[in-house]
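Please read the structure below before turning to the comments.
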Amino acid sequence: MSPALFLFRKREWISFAILAFILVVVFPTLFDNFRLNLIGKYLTYSFVALGLVLCWGYGGILSLGQGIFFGLGGYCMAMFLKLEASTPEATAIQSTPGIPDFMDWNQLTSLPFWWQPFHSFTFTLFATIAVPVALAFIISVAMFKRRVGGVYFAIITQAIAAILTILIIGQQGYTGGVNGITDLRTLLGWDIRSDHARYVFYFICVALLLASLLLAQFVRVSKFGRLLIAMRDKEDRVRFSGYDVANFKIFIFCLSAALSAIGGAMFTLQVGFMSPSFVGIVPSIEMVIFCAVGGRLSIFGAVYGALLVNAAKTSLSETFPELWLFAMGGLFIAVVMVFPEGVAGLFRQHVEPLITRGISLVRIGKVRKPRPAAE
């Protein structure tokens with residue numbers, strides 16, 4: 001049997017196929033280009049929720065700063081797109097042509113040296129993953145090697161998210177400030193604002209998400225995944241068994257950062273801008289809610305949770321914009337107190353038994369089907 005078949009049990013392969021069918025066939029058929037682009041935006045948050053399933057659900061590491069890595073991935077992609085839109089010809093009316101408009105407004109006369117490598121698309125793709133992972137590595141080594149975990153680690157990641165937001169807003173001449181990096185037009189000469197481009201980006205996002213699901217499942221069923229669960233439940237026993245718990249935590253935290261960064265880059269491409277409003281404390285907590293609603297032990301639940309919460313956010317904020325924050329708080333309380341395993345837990349407890357019972361009845365009916373009497 002192919003090793004790939006061991007990733008999922010039969011029912012899990014069916015769940016994977018159903019999700020792929022919904023994303024690839026159902027949504028593009030039912031929705032127009034505007035709504036499909038909106039769903040693509042929701043799916044970018046699924047990468048963050050998926051990383052949290054591995055990091056929090058299986059590793060027991062609650063991070064309240066995943067917006068850091070989502071935002072860094074998005075900013076790296078935005079820097080390349082902004083430089084492509086800031087050619088000397090396109091910025092001829094500026095005091096200093098050839099640099100982004102917000103730099104000219106803030107009286108910068110040359111492009112900062114650390115912006116220079118983002119002229120290269122190859123470097124941008126590398127930096128989109130490498131920069132968030134490097135920061136995640138520094139944070140995790142500093143924390144986990146000193147056995148800092150639990151609520152203390154959650155608070156520290158939250159503080160770092162706040163610090164990064166303040167830094168981005170304060171360095172307006174280099175980062176675009178509170179407005180972020182906007183007016184992104186082309187990717188390698190291709191207009192990303194067109195309906196066709198957004199349609200293509202949706203399918204690219206879906207393909208990357210499905211590949212990420214396979215990667216997450218590979219981690220989950222591997223020996224490393226079993227060690228993650230043991231580490232979450234009985235960390236001291238794993239440590240006394242001779243394993244370096246800190247290294248495992250560092251790896252899974254960096255992997256979740258990489259997944260979040262991919263989501264941030266796709267967000268920038270589909271929405272057309274990146275700002276500090278997606279980096280700070282509030283968006284980071286919302287990302288945890290996506291994971292919790294879907295089920296923090298379900299990789300498929302991460303996708304459904306992100307879709308459900310963001311769809312609810314859009315519909316409620318359009319109708320009752322002042323009530324959305326209250327609804328979000330109530331949703332989080334409900335997840336914690338009423339269905340702690342999220343949508344995936346409700347499915348396993350109530351829907352799956354009915355399906356199993358129905359299949360069993362069908363099989364019994366076939367077995368007991370009376371044979372025709374002999375003439």
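- Among the candidates L19, I22, L23, the single residue satisfying the side chain to side chain contact (heavy atoms under 4.5 Å, CB included) test with V206 is L23.
- Side-chain contact between L210 and L213 is present, with heavy atoms from C-beta onward closer than 4.5 Å.
- Once rounded to the nearest 0.5 Å, the distance linking CZ of R198 with CG of N37 reads 5.0 Å.
- Side-chain atoms of M77 and M266, non-hydrogen and from C-beta on, never get closer than 4.5 Å to each other.
- At least one donor-acceptor pair under 3.5 Å links the side chain of D104 to the backbone N or O of S95.
- To the nearest 0.5 angstrom, Q171 atom CD is 12.0 Å from I166 atom CD1.
- For residues 114-134, the set of pairs meeting the side-chain hydrogen bond (donor to acceptor under 3.5 Å, both in side chains) definition, not counting sequence neighbours, is empty.
- Residue I169 belongs to a hydrophobic cluster whose other members are V178, with links defined by side-chain heavy atoms closer than 4.5 Å.
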**Request:** Please assess I61 against I252 for the test side-chain contact (heavy atoms from CB on, under 4.5 Å), listing each intermediate value before the final yes or no.
**Result:** CA-CA 9 Å; I61 306 167; I252 200 63; 3.7 Å; yes
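- For F47 and F70, the gap between ring centers reaches or exceeds 6.0 Å.
- Going from atom OH of Y202 over to atom CD1 of I204 covers 13.0 Å, rounded to the nearest 0.5 Å.
- By the ring pair (Phe, Tyr, Trp, His ring centres under 6.0 Å) test, F69 is found to be paired with F253, residues two or more places apart in sequence or in another chain being considered.
- Ion pairing between R185 and E84 fails under the 4.0 Å rule for side-chain N and carboxylate O.
- Side-chain atoms of R232 and L228, non-hydrogen and from C-beta on, never get closer than 4.5 Å to each other.
- In this structure, the separation between CG on L208 and OG1 on T44 is 11.5 Å, given to the nearest 0.5 Å.
- Not a single ring pair (Phe, Tyr, Trp, His ring centres under 6.0 Å) links Y152 to another residue, sequence neighbours left out.
- Counting all heavy atoms, side chain and backbone alike, S86 lies closest to P100 at OG-CA, 3.5 Å.
- Contact annotation: the side chain of L255 approaches that of L215 to within less than 4.5 Å [non-hydrogen atoms, C-beta and beyond].
- Environment of CG in L188: crowded, with over 12 heavy atoms of neighbouring residues, nucleotides or ligands closer than 6.0 Å.
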Result block: side-chain N/O donor-acceptor pairs under 3.5 angstrom for residues 138-149, not counting sequence neighbours:
{"unit_1": "S140", "atom_1": "OG", "unit_2": "A136", "atom_2": "O", "d": "2.7"}
{"unit_1": "S140", "atom_1": "OG", "unit_2": "F137", "atom_2": "O", "d": "3.1"}
{"unit_1": "K145", "atom_1": "NZ", "unit_2": "N247", "atom_2": "OD1", "d": "3.0"}
{"unit_1": "R146", "atom_1": "NH1", "unit_2": "A142", "atom_2": "O", "d": "3.2"}

**Message:** I'd like to know whether L64 forms a side-chain contact (heavy atoms from CB on, under 4.5 Å) with V288, so could you lay out the CA-CA distance, the side-chain angles of the two residues, the decisive distance to 0.1 Å, and finally the verdict.
**Reply:** CA-CA 7 Å; L64 296 180; V288 173; 3.8 Å; yes
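- Side-chain atoms of T91 do not come within 3.5 Å of backbone N or O of Q94 as any donor-acceptor pair.
- Contact check for L307 versus F290: no side-chain heavy atoms found under the 4.5 Å cut-off.
- The two residues S284 and A161 make their nearest non-hydrogen contact at OG-CB, 4.3 Å.
- For F278, the ring pair (Phe, Tyr, Trp, His ring centres under 6.0 Å) partners two or more places apart in sequence, or in a different chain, are F267, F273.
- Residue pairs meeting the ring-ring contact (aromatic ring centres under 6.0 Å, His included) criterion with at least one partner in residues 168-197, sequence neighbours excluded, are W190-F201.
- Looking at L50 and S212, their side chains come closer than 4.5 Å, going by heavy atoms from C-beta outward.
- Between A257 and P132, the closest heavy-atom pair is CB-O, 4.2 Å.
- For residues 219-241, every residue pair satisfying the ring-ring contact (aromatic ring centres under 6.0 Å, His included) rule, not counting sequence neighbours, is listed here: F224-F248, F224-F251.
- For R237 (side chain) and A230 (main-chain N/O), no donor-acceptor pair under 3.5 Å exists by modelled atom type.
- Here K82 pairs with D101 in a salt bridge; the nearest charged N to carboxylate O distance falls below 4.0 Å.
- None of F118, Y75, F121, F126 except one satisfies the ring-ring contact (aromatic ring centres under 6.0 Å, His included) rule with F80; the exception is F121.
- With sequence neighbours excluded, no residue forms a salt bridge (Lys or Arg N to Asp or Glu O under 4.0 Å) with K41.
- Scanning all heavy atoms of the two residues, the minimum distance from A162 to I281 falls at CB-CD1, 3.8 Å.
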**Prompt:** Does the pair F102 and T175 meet the rule for a side-chain contact (heavy atoms from CB on, under 4.5 Å), with working shown?
**Reply:** CA-CA 8 Å; F102 59 82; T175 63; 5.8 Å; no
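- Within a 6.0 Å radius of CZ in R239, more than 12 heavy atoms belonging to other residues, nucleotides or ligands are found.
- Contacts of D191 classified as salt bridge (Lys or Arg N to Asp or Glu O under 4.0 Å), with partners at least two apart in sequence or in another chain: R193.
- In terms of heavy-atom proximity, G71 sits nearest to M274 at O-CG, 4.2 Å.
- Taking the salt bridge (Lys or Arg N to Asp or Glu O under 4.0 Å) definition, one finds that D233 meets it with nothing, sequence neighbours left out.
- The two residues L52 and C291 come nearest to each other via the heavy atoms CB-SG, 3.8 Å.
- Side chains of Y58 and V219 form no contact here, defined as non-hydrogen atoms less than 4.5 Å apart.
- With rounding to the nearest 0.5 angstrom, the CZ atom of R220 is 9.0 Å from the CG atom of L297.
- The distance from atom CG of L83 to atom CG of L111, rounded to the nearest 0.5 Å, is 5.5 Å.
- Within a 6.0 Å radius of OH in Y243, no more than 12 heavy atoms belonging to other residues, nucleotides or ligands are found.
- In this structure, the side chain of S298 does not engage the main chain of G295 through any donor-acceptor pair within 3.5 Å.
- Looking only at side-chain heavy atoms (C-beta outward), L259 and V48 stay at 4.5 Å or farther from each other.
- For F300 and Y304, the ring centers sit 6.0 Å or farther from each other.
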**Request:** Decide yes or no on side-chain contact (heavy atoms from CB on, under 4.5 Å) for T268 and V271, but give the supporting numbers first.
**Result:** CA-CA 5 Å; T268 298; V271 179; over 6 Å; no
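- Partners of W105 by ring pair (Phe, Tyr, Trp, His ring centres under 6.0 Å), not counting sequence neighbours: none found.
- Of the possible polar contacts, one joining the Q270 side chain to the G40 backbone as a donor-acceptor pair under 3.5 Å is found.
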